[in-house]
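To start, the structure itself, in structure tokens.
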2 protein chains.
Amino acid sequence: MAGGVTIRDVATAAQVSVATVSRALNGQANVTAEVRQRVLEAAKRLQYSPHAAARSLSSRRTHAIGVVLPDLYGEFFSELMRGIDQVAREHGMHLLVSSYHGHRDEQGMAMRAMRGRVDGLLVMSPYAALPASSDDIAPGLPVVLINSQYAGENFLSLGVANYEGARAMMAHLIARGYRRIAFIAGPEDNFDAYQRLRGYQDAMAELGVEEWVLPGAFDEASGHRAGRAVLVAKDRPEAVFAANDMMALGCLFAFSQAGVRVPDEIAVAGFDDIPLARFVYPGLTTMQVDISGLGASAARMLLARLSKQTPLPAPTPLLPQLVVRESSGRQSGSDSS
Amino acid sequence: MAGGVTIRDVATAAQVSVATVSRALNGQANVTAEVRQRVLEAAKRLQYSPHAAARSLSSRRTHAIGVVLPDLYGEFFSELMRGIDQVAREHGMHLLVSSYHGHRDEQGMAMRAMRGRVDGLLVMSPYAALPASSDDIAPGLPVVLINSQYAGENFLSLGVANYEGARAMMAHLIARGYRRIAFIAGPEDNFDAYQRLRGYQDAMAELGVEEWVLPGAFDEASGHRAGRAVLVAKDRPEAVFAANDMMALGCLFAFSQAGVRVPDEIAVAGFDDIPLARFVYPGLTTMQVDISGLGASAARMLLARLSKQTPLPAPTPLLPQLVVRESSGRQSGSDSS
DNA sequence: TTGTACGCGTTATCAT
DNA sequence: ATGATAACGCGTACAA
């Protein structure tokens, strides 16, 4: 029962006052080496570890940051968390995660439920609406928005340059000579998906070719469906650009399954560059997005804000990078590692 | 600045005492409907939300459970979190996640740093060693171990029946007539990987065929490597059984890339049934593991333990299920959804 | 039904 | 350098 050991027990054991114990354990200067030694020993012997809630209450710092996400599903989530976790642990911060499957109301709940639990908030709000009424969101808590359309409005925010990325991909496809390009869209109310769609649409408009948009939901299943829809269409497109890699893979497999050669008959492009995209055959051209880096940057912004060190770390949007992995014809060896 | 609103402010605004506010907000019976109404209004108007740390300190409950994982990488992590999150939110519990990349010492740190932050702990400890010295781990905190080899020793624990799953897969492959079966192993110190390996080895021993184990690390890259290693070997195996799907996919792509037909020339089997496995072509036979269900079950066990309702919910290990998706020859349509 | 007052475990401000 | 002691915000006996 090492659970109920308080700072008072340590004080008694070390024959000093609680104040001294606190000072010794928190590494303050005003403590004799000999006394500090005694305290440390007593603490270790009693398996003392400070009660976080009490400490927070008194010091007004929780050493935790809250992460509020729409859902905890898939590679995007895990990569984002990985990035956040990495810089959080570098700074000795804990992570309190919360998801809001419902919608905005739930998001608000999640955020206000974190009062007194965290020192700051990382919020991803890819939906159309505002994360919350603009001062309901920030009851004094520093907040960094991730991939929100309200970048730089009232809150610190950071995101992926989706529109620019989509334009870059379209430029690449067009440079390759493709004209009739279909697009597999993401969820309607997803802001990232919307930006990528706009990139596609603008490019097609400039090209003077009619757009061809298929519905999708950012998962393999909808990509697979879209792929099969394309196959049975009157005249197939020359290329398919999916709003993310999961759908691109689903589409790719639909093609492989039907015996359609990629990219010889139809080219397939994605967005995100998920790890698997690197090993899939046939190759998948995609826009590399450093999601883990996005999480890390967001966390760093928040922490900087907490330390009040930097006034405002430049909120540079992350620019995706084109990765071409089209493999025309069979190859025996390409990239290793 | 709605952050500093305390229960006292609400009390003043509603013209009652703090005790009454507390009772009204916590839905206790001893409160006049009229007074409760007044309190609720005041609380809403002031945007009051209780300070979690203070509440924890006083009530000795945090309404949070800690999740301690070896790392936050990949589909396994995200699925597990999804399951945990689901039942946690059903019970109004928050999630405090922590990873220990280093090793056991870091794990111990992570666990004891959660004192006063959580009501219970979910710990995944797939490594060979004990999660911690057996009473250092539990300073009064209820703990549920996930996929630990110390199932049912001192702590509640729950895991996947990896050995049985691997045996089932081997039985399937052998029934199909395969004899020379290679195995792509997982990380050396991973307990799940070890159990699956044992399942393979025992089956091969009973079959009287020499085993053929290739090293792997649970990622696509090592599967790809193993696949290519197999291709250049003197006489190729008839089937390859990978310790997880990621490696199976890497292997599969290596084969596709080399023009080797699956499963006609070599069959490929995996373990986990990750979502992508459903859409990959050629098809991948795998053992379906309900990871999200595993997380949910673990969370439920812990919560039951917290409510002290159930004495000990039967720690039934999760039995993986065989999923055959071998597709010999091209097909135009198979499963939909 | 409602109010007063104490305790939860720590940190920080005073004295000493 | 060290020791009392007052916050911190909330729950909850106990009293009224």
Item to check | Cationic N near anionic O, under 4.0 Å, A:Glu79 to A:Arg82 | outcome: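 Result for this pair is yes, salt bridge flagged.
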
Next on the checklist: Salt bridge or not between B:Glu34 and B:Arg38? Use side-chain N to carboxylate O under 4.0 Å.
Outcome noted: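 Salt bridge present between B:Glu34 and B:Arg38.
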
In whole angstrom, give the distance that lies between atom [atom1] of [X] and atom [atom2] of [N].
X: A:Arg36; N: D:dT2; atom1: CZ; atom2: C1'; result: 13 Å
X: B:Arg38; N: C:dG3; atom1: CZ; atom2: C1'; result: 14 Å
X: A:Asp9; N: C:dC8; atom1: CG; atom2: P; result: 11 Å
X: A:Asn30; N: C:dT13; atom1: CG; atom2: C1'; result: 13 Å
X: B:Glu34; N: C:dT1; atom1: CD; atom2: C1'; result: 12 Å

Checklist entry - How does protein reach along nucleotides 8-16 of chain D, written 5' to 3' as B (base within reach of a heavy atom under 4.0 Å), S (only sugar-phosphate), or - (no contact)? => result BBBBBB---

Checklist entry - So, the side chain of B:Ser98 versus the backbone of B:Val68: is there a donor-acceptor pair under 3.5 Å, distance only? => result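 Judged by distance alone, no pair lies under 3.5 Å.
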
Checklist entry - With side chains defined as the heavy atoms from C-beta onward, is the minimum distance between A:Leu69 and A:Val97 less than 4.5 Å? => result no

Checklist entry - Can we call the ring centroids of A:Phe218 and A:Phe76 under 6.0 Å apart? => result no

Item to check | B:Leu302 side, atom CG; B:Leu121 side, atom CG - distance, nearest 0.5 Å | outcome: 8.0 Å

